[in-house]
Amino acid sequence: MLICILIFSIFSSIIKAINMGMFYSYDLVGAKVFVFDEFMVNQIEEGVVITPKDNEILRQIIDKHFTNKPVIYISNRHFSYSVDPLTYLGTSKIHNLLAIAIVSDKPIARDNALFESNFYDKPFEVFETLSLAMEWVHKIILHEYKEVKQLKQG
């Protein structure tokens, strides 16, 4: 029942976007999302269950902040929560979502993320720190911009 209330709350647009200058912050029911120029960081709260339906809220945020622009999603898994791996089948269809990075220093969360990576058909990496994930994000984005530039020139 709690999960149904959570999903209803999320899809009832209980989204508060706060413009903080260099990034945006969304305080969702069950998650906090931080949107930067080239990536977004999501921190899901303890006990939440992520399902394919949650792709819609992700798509809305990406459409709002990354129209015609590549983006990478970072999941900061500080808390323990569950992800239905089938969620990634829909996530893979978000055209400008280039990659996913999972951050956790907990072995079980890292193992779960490695299993989940089998359901996502784009780059998917697991890191122990947010700094390492952000370093990887910048490499992916730089590579993407080089490819686009080469296509425009050639």
Side-chain angles (χ1 to χ4, degrees), residues 1-12 14-17 22-66 69-147:
M1 182 66 174
L2 179 61
I3 301 303
C4 292
I5 293 170
L6 172 68
I7 291 170
F8 178 77
S9 297
I10 290 173
F11 288 106
S12 295
I14 302 179
I15 299 173
K16 294 183 272 182
M22 294 185 64
F23 67 94
Y24 291 86
S25 172
Y26 287 86
D27 192 2
L28 305 174
V29 174
K32 292 193 180 358
V33 180
F34 302 93
V35 179
F36 298 87
D37 287 339
E38 299 169 331
F39 63 94
M40 59 193 298
V41 178
N42 192 1
Q43 185 162 299
I44 307 292
E45 294 176 3
E46 187 79 28
V48 171
V49 177
I50 303 299
T51 67
K53 292 179 184 178
D54 294 310
N55 278 320
E56 183 55 33
I57 196 79
L58 176 62
R59 185 181 304 277
Q60 288 173 10
I61 293 171
I62 288 174
D63 287 348
K64 180 174 181 173
H65 296 282
F66 300 99
K69 181 177 168 183
V71 59
I72 297 176
Y73 175 92
I74 299 174
S75 174
N76 187 24
R77 294 197 177 172
H78 180 71
F79 299 106
S80 178
Y81 61 92
S82 300
V83 178
D84 176 344
L86 297 178
T87 302
Y88 291 106
L89 299 176
T91 308
S92 294
K93 295 176 184 174
I94 300 173
H95 76 280
N96 56 334
L97 181 58
L98 297 181
I100 292 179
I102 307 294
V103 177
S104 181
D105 60 356
K106 298 174 183 103
I108 192 149
R110 295 171 56 78
D111 289 344
N112 287 342
L114 289 172
F115 173 74
E116 293 163 17
S117 71
N118 294 308
F119 296 85
Y120 188 70
D121 64 2
K122 297 178 186 177
F124 188 112
E125 295 289 333
V126 181
F127 300 93
E128 286 193 29
T129 67
L130 192 54
S131 299
L132 289 172
M134 291 170 67
E135 196 175 299
W136 179 75
V137 163
H138 292 296
K139 287 179 188 175
I140 297 287
I141 293 294
L142 273 175
H143 183 263
E144 175 70 13
Y145 284 137
K146 284 180 185 176
E147 283 187 5

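Numbers here simply count residues along the sequence, with the first being 1.
- To the nearest 0.5 Å, the span separating CD1 on Ile102 from CG on Asn76 amounts to 10.0 Å.
- For the pair Lys122 and Leu97, the tightest heavy-atom approach, listed with the atom from each and the gap, is NZ-O, 2.8 Å.
- Evaluation of the side-chain hydrogen bond (donor to acceptor under 3.5 Å, both in side chains) rule for Asn112 yields no partner, not counting sequence neighbours.
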Return a table of donor-acceptor pairs under 3.5 angstrom between the side chains of residues 132-139 and protein atoms on other chains or two or more places apart.
from   : atom 1 : to    : atom 2 : distance (Å)
His138 : ND1    : Glu38 : OE1    : 3.2

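- Under the side chain to side chain contact (heavy atoms under 4.5 Å, CB included) criterion, Asp63 pairs with Arg59, sequence neighbours left out.
- In terms of heavy-atom proximity, Ile50 sits nearest to Thr87 at O-OG1, 3.6 Å.
- A side-chain donor-acceptor contact under 3.5 Å links Asn55 and Thr91.
- In this structure Glu128 satisfies the side chain to side chain contact (heavy atoms under 4.5 Å, CB included) test together with Arg110, sequence neighbours excluded.
- Here the CG-CG distance, from Asp54 to Asp84, works out to 9.5 Å after rounding to the nearest 0.5 Å.
- Glu116 meets the salt bridge (Lys or Arg N to Asp or Glu O under 4.0 Å) test with Arg77; sequence neighbours excluded.
- Distance CG/Leu142 to CD1/Ile140: 10.0 Å, rounded to 0.5 Å.
- Annotation: side chain of Tyr26 is not in contact with side chain of Gln60 (no heavy-atom distance under 4.5 Å).
- Taking the side chain as every heavy atom from C-beta outward, Val35 and Val71 never approach each other to under 4.5 Å.
- Atoms CD and CZ, from Gln43 and Phe34 in turn, are 7.0 Å apart once rounded to the nearest 0.5 Å.
- Atom CD1 of Ile44 sits about 11.0 Å away from atom NZ of Lys32, to the nearest 0.5 Å.
- In this structure a side-chain-to-backbone donor-acceptor pair under 3.5 Å is present from Glu46 to Ser80.
- Contact annotation: the side chain of Asp37 approaches that of Lys69 to within less than 4.5 Å [non-hydrogen atoms, C-beta and beyond].
- Shown here are the ring pair (Phe, Tyr, Trp, His ring centres under 6.0 Å) partners of Tyr81, two or more places apart in sequence or in another chain: there are none.
- Residues satisfying the side chain to side chain contact (heavy atoms under 4.5 Å, CB included) criterion with Lys106, sequence neighbours excluded, are Ser104, Ala109.
- Listed by chain and residue number, nothing satisfies the ring pair (Phe, Tyr, Trp, His ring centres under 6.0 Å) test with Phe79 (two or more places apart in sequence, or in another chain).
- Taking CD1 from Ile62 and CD1 from Ile94, the interatomic distance works out to 4.5 Å, rounded to the nearest 0.5 Å.
- In this structure, the side chain to side chain contact (heavy atoms under 4.5 Å, CB included) partners of Ser92, at least two apart in sequence or on a different chain, are Tyr120, Asp121.
- By the ring pair (Phe, Tyr, Trp, His ring centres under 6.0 Å) test, Tyr88 is found to be paired with Phe124, residues two or more places apart in sequence or in another chain being considered.
- In this pair, Phe39 and Phe36 present their aromatic rings parallel. The plane angle is below 30°, not in the 30 to 60° band.
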